[in-house]
Structures are given as C-alpha cells and as structure tokens.
Engineer: 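Take a look at the following structure, please.
Quick note: numbers below take in every heavy atom, side chains included, and nothing from hydrogens, waters or symmetry partners. Residue numbering restarts at 1 for every chain, and letters A, B, ... go by the order of the sequence lines.
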Number of protein chains: 2
Amino acid sequence: MLSKKTKYGIKALTFLARQNSRKPVQIATISKSENISVKFLESILLTLKKNGILGSKKGSGGGYYLLKDPKDVPMTLVMRVLEGPIAMVPCVSLNYYEKCDDCPDEGTCAVHRLMIQIRDNSLKVFRNTTLADLAN
Amino acid sequence: MLSKKTKYGIKALTFLARQNSRKPVQIATISKSENISVKFLESILLTLKKNGILGSKKGSGGGYYLLKDPKDVPMTLVMRVLEGPIAMVPCVSLNYYEKCDDCPDEGTCAVHRLMIQIRDNSLKVFRNTTLADLAN
DNA sequence: TAGTATCCTACTAAATCGATAGGATAATTA
DNA sequence: TAATTATCCTATCGATTTAGTAGGATACTA
C-alpha cells in the first residue's frame, strides 16, 4: 500500500507544478485544495524541502515552491524521498541493498527473481514520469 | 515492502514445486530448508490451503502439497492471497476497487494516473510468471 | 490406542502510520 | 520596532499492522 504521506506529497507537488507562477504557496492553500490535514501536510512539505525538491520562504507572503522545473523532477526521486526504496525487498534494491539473512543464495531464490522484475518495471515507470507529466 | 508472510509463502510454494513427487511435505521440513519459524509458516500454509492453492493431509505421513501443476499457478493468485491487492491504492485496484474520499476527480488525480501504470506493469509480471517459472 | 501432524483461536511485543500539539524561528508589514 | 504571518521543529499519541508464540482440538495412521 502507498502511504498517505506519499499520496499527499505527490498531490501537493502536482498542485505546485500546476501553478502558473513560481511564487510561494502557503500550506493552508494546498491543504484546502487537496483535502489534506494542515499539520500532516506541513511535515510532508518539510521533508520535501529537506530533500531538495521544494524551497520555502517564511513570513507573510511565504510558503513553498518548486526548486526545479517540473519536467526535471523524476518520480523516482519523489518516491524515494517519501516512500523509501522502490524495491519491495532490500535484496533487490539498487540504492538500499541489503542481504536477506534467511536466504543462503540469491541466485536460486524465487522471491529475489520475481521481485527484480517488479523493481525493473516500476523503475521504468517512475524514471519515465516527471512531475510535469502528472501535472498535465 | 513485501511482508514476510508473502516472502515465506512464495519460498514454501517454490520448495513444494521443486519436489519430485507430489507427496505431502511436513511443515517442519519446509521450515528447516527455508529457515522459517515453524509456527509462522504453519499459519501461512493454512491460508494457502484455505484459498485453494495447497492441499493437506493430517497425521503420520501427512503434510502439505500443491493442488495444481506449478505452471498453472500464476503469481497474481499467490500475491492476492498472501499480500492482498496488487494495486498500491484502492482507487486503481481491479479486484478491490474503492473510491478515495479525499479525491474529487480520478481523471485529474496525479496519484491515480501514476499508480495505474505501476499496477499495469506489476500485473503483467505477476500474470506472466507461474510457480513453475520460479521453481526453474 | 498411541503417535503424528495439521487445524484453530487467542494473545503479544514491537514497529509503523496518520496524525495532533505547541512552541521556536524567521520574514514581512505597519 | 512591534505585530503579524508562516514555516520550522520536537514530542506525543491512538490505532493498526506485523511477525510471531502458545496451547489445545482434530483427524489420520500404524
């Protein structure tokens, strides 16, 4: 299951990408438009900021804004920041590889073989999709 | 993340598929070979049985066995039984569709659009992979 | 009828999820 | 400079899920 954090994060980013200008947008504005709890959204936007996807400005007229052009924000980045590794098991993860302690041989492991295919296909989708594609 | 339940379930099924005969195999045997807690495995095999994938026999010489030829067991079935819906959000699920209460229009929803692609690709993999493929 | 192995229910510790609370900090405006 | 605004940050919390464990009931075999 996709976490609400990721779901809301993607919605918020798309909302920002659909904006005409790149002026800061307040949390409250996004929250209202996308039906997301203000406080929860706040924490999500904060992690997006900490990971270099969003910029922010404090005070009156402040808010969050995209740091890059939507077409330069691949969904691989967004997914990794919000949801974590794209792979369903650590032993097939490109960026967070970890050996399974119960599995003596990855070469003969059925789960490993199956999940590599899933990872490759998901990766293809996320790599080929940018924020611009989602914003339409 | 793939749950251990699903991971162990796939491993157990593959173990059974690799067996020469279709004679019942005891939980303890699979447990030892695949490094899975006996009790946890027990509950997994039970749900696989309840969902028509495995058969069982009680008493001495008993155990679990595949009900169908491995090549007739698609991974879609296994995944749905063990892990649940293949889609990452209910609003793109084929078998367990549910409308998001926060989302006014699926047509313009970025998450919806993205997750349909992921679902389609995962579905393709799971449909085209049978237990026989994993057992080699 | 003793032994074996599945069947079934209930319980639990730990982790994660989806928030919420409340104050600190920084920028703007009057 | 003082008030206002809006992000920043830490901490907490209830509910749910996960990954098991315990222990007895049932059914089959020898």
Side-chain angles (χ1 to χ4, degrees), chain A residues 1-12 16 23-32 34-67 81-85 88-90 100-103 111, chain B residues 1-12 16 23-32 34-67 81-85 88-90 100-103 111:
Chain A
M1 273 284 285
L2 194 74
S3 68
K4 299 226 165 183
K5 184 177 164 193
T6 303
K7 189 185 172 191
Y8 294 161
I10 293 173
K11 285 194 168 203
L16 290 173
K23 278 194 198 129
V25 178
Q26 294 169 32
I27 296 173
T29 307
I30 307 175
S31 155
K32 241 174 257 169
E34 302 299 319
N35 298 305
I36 307 170
S37 141
V38 181
K39 274 299 194 178
F40 193 22
L41 182 58
E42 191 185 313
S43 71
I44 295 167
L45 297 181
L46 207 50
T47 74
L48 287 171
K49 188 210 148 152
K50 283 182 180 164
N51 285 275
I53 296 174
L54 292 182
S56 69
K57 215 182 138 189
K58 285 184 179 177
S60 180
Y64 287 93
Y65 52 90
L66 288 170
L67 282 175
V81 163
L82 294 174
E83 191 75 6
M88 293 188 79
V89 275
C100 299
D101 43 354
D102 62 289
C103 193
V111 178
Chain B
M1 274 283 285
L2 195 74
S3 68
K4 299 224 165 185
K5 184 177 163 193
T6 303
K7 188 184 173 191
Y8 294 162
I10 293 173
K11 285 195 167 200
L16 290 173
K23 279 193 197 132
V25 179
Q26 295 169 33
I27 295 172
T29 307
I30 306 175
S31 155
K32 240 173 260 170
E34 303 298 320
N35 299 305
I36 308 169
S37 139
V38 180
K39 274 298 194 178
F40 192 23
L41 182 58
E42 191 185 315
S43 71
I44 296 167
L45 297 181
L46 207 51
T47 75
L48 287 171
K49 187 209 151 159
K50 282 181 180 165
N51 285 276
I53 296 174
L54 292 181
S56 69
K57 217 181 136 188
K58 285 182 179 179
S60 181
Y64 285 93
Y65 52 91
L66 288 169
L67 282 175
V81 164
L82 293 174
E83 192 75 4
M88 291 188 83
V89 274
C100 300
D101 43 354
D102 62 290
C103 193
V111 178

Engineer: Could you tell me the separation between the CG atom of Leu46(A) and the P atom of dT10(D), rounded to a whole number of Å?
Structural biologist: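 Whole-Å distance recorded here is 9 Å.
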Engineer: Please determine, for the side chain of Lys57(B), which listed nucleotide (dT29(D), dA19(C), dC7(C)) has the closest atom?
Structural biologist: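 The answer is dT29(D).
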Engineer: In Å, rounded to the nearest 0.5 Å, how long is the span from OG of Ser31(A) to NZ of Lys11(A)?
Structural biologist: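 Nearest 0.5 Å value for the OG-NZ distance: 12.0 Å.
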Engineer: Kindly point out which of dA26(C), dA19(D), dG22(C) is positioned nearest to the side chain of Lys58(A)?
Structural biologist: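 Looking only at side-chain atoms, Lys58(A) lies closest to dA26(C).
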Engineer: CG/Leu2(A) to NZ/Lys7(A) distance, rounded to the nearest 0.5 angstrom?
Structural biologist: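 Going from the CG atom of Leu2(A) to the NZ atom of Lys7(A) covers 8.5 Å.
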Engineer: In whole angstrom, what separates Tyr64(A)'s OH from dA6(D)'s C1'?
Structural biologist: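 In whole Å, dA6(D) C1' and Tyr64(A) OH are 9 Å from each other.
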Engineer: Can you tell me how far apart CD1 (Ile27(A)) and CG (Leu46(A)) are? Round to the nearest 0.5 Å.
Structural biologist: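 Result: 8.0 Å between the selected atoms.
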Engineer: Report the residue (Ser43(A) or Gly62(A)) whose heavy-atom-nearest nucleotide on DNA chain C is the more 5′ of the two.
Structural biologist: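 Final value for this comparison: Ser43(A).
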Engineer: Quick check on dC7(C): is either OP1 or OP2 less than 4.0 Å from any side-chain nitrogen or oxygen of Ser56(B)?
Structural biologist: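 True: Ser56(B) side-chain N/O within range (under 4.0 Å) of dC7(C) OP1/OP2.
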Engineer: Using only side-chain N and O atoms of Lys49(A), determine if any of them is under 4.0 Å from OP1 or OP2 of dC8(D).
Structural biologist: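 Checking Lys49(A) against dC8(D): at least one side-chain N or O falls below 4.0 Å of OP1 or OP2.
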Engineer: Nearest of dG20(D), dT7(D), dA19(C) to any side-chain atom of Phe40(B)?
Structural biologist: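 Closest nucleotide among those given: dG20(D).
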Engineer: Tell me: CD of Glu42(B) to P of dC8(C), nearest whole Å?
Structural biologist: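 The distance from CD of Glu42(B) to P of dC8(C) comes to 11 Å, rounded to the nearest Å.
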Engineer: Nearest of dA27(C), dG20(D), dC8(C) to any side-chain atom of Tyr8(B)?
Structural biologist: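 Among dA27(C), dG20(D), dC8(C), the one nearest the side chain of Tyr8(B) is dG20(D).
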Engineer: With a 4.5 Å cut-off on side-chain heavy atoms, are Tyr8(B) and Glu34(B) touching?
Structural biologist: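 When only atoms from C-beta onward are counted, Tyr8(B) and Glu34(B) do not touch, as no gap falls below 4.5 Å.
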Engineer: Do the side-chain N or O atoms of Ser37(A) get closer than 4.0 angstrom to the phosphate oxygens (OP1, OP2) of dT20(C)?
Structural biologist: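 Yes, because at least one side-chain N or O of Ser37(A) sits under 4.0 Å from OP1 or OP2 of dT20(C).
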Engineer: Send over the distance from Glu83(B) CD to dT18(D) C1', rounded to a whole Å.
Structural biologist: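 Atom-to-atom, Glu83(B) to dT18(D), this comes out as 11 Å.
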Engineer: Rounded to whole Å, please give me the gap between NZ in Lys5(B) and P in dG20(D).
Structural biologist: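 Distance, rounded to whole Å: 13 Å.
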Engineer: Does a side-chain N-to-carboxylate-O contact under 4.0 Å join Asp102(B) and Lys4(A)?
Structural biologist: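 No, Asp102(B) and Lys4(A) are not salt-bridged.
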Engineer: Can you identify which nucleotide, out of dA19(C), dA21(C), dA6(D), has its nearest atom closest to the Gln26(A) side chain?
Structural biologist: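 Looking only at side-chain atoms, Gln26(A) lies closest to dA6(D).
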Engineer: Measure from CG on Asp102(A) to P on dG20(D) and round the result to the nearest Å.
Structural biologist: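 So the CG-P distance, Asp102(A) to dG20(D), works out to 9 Å.
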Engineer: Output the single nucleotide from dG18(C), dT7(D), dC7(C) whose closest atom is nearest the side chain of Ile27(A).
Structural biologist: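 Minimum distance to the Ile27(A) side chain belongs to dT7(D).
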Engineer: Out of Thr47(A), Leu16(A), Leu48(A), Leu45(A), which one pairs with Ile53(A) under the side-chain contact (heavy atoms from CB on, under 4.5 Å) rule?
Structural biologist: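 Testing each of Thr47(A), Leu16(A), Leu48(A), Leu45(A) against Ile53(A), the sole residue satisfying side-chain contact (heavy atoms from CB on, under 4.5 Å) is Leu48(A).
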Engineer: From dT25(C), dG18(C), dA19(D), pick the nucleotide closest to the side chain of Ser3(A)?
Structural biologist: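 Of all the options, the side chain of Ser3(A) is nearest to dG18(C).
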Engineer: Nearest whole angstrom, please: distance from the P of dG14(D) to the NZ of Lys4(A).
Structural biologist: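 Roughly 20 Å, once rounded to whole Å.
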Engineer: Side chain of Ser60(B) only, heavy atoms from C-beta on: which candidate in dG18(C), dA30(D), dC7(C) is closest?
Structural biologist: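 So the side chain of Ser60(B) is nearest to dA30(D).
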Engineer: To the nearest angstrom, how far is Ile30(B) atom CD1 from dA5(C) atom P?
Structural biologist: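 Rounded to the whole Å, the gap is 13 Å.
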Engineer: Looking for any heavy atom pair under 4.0 Å, which part of the strands does Lys50(A) touch: base, sugar-phosphate only, or nothing?
Structural biologist: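 Result for Lys50(A) = sugar-phosphate.
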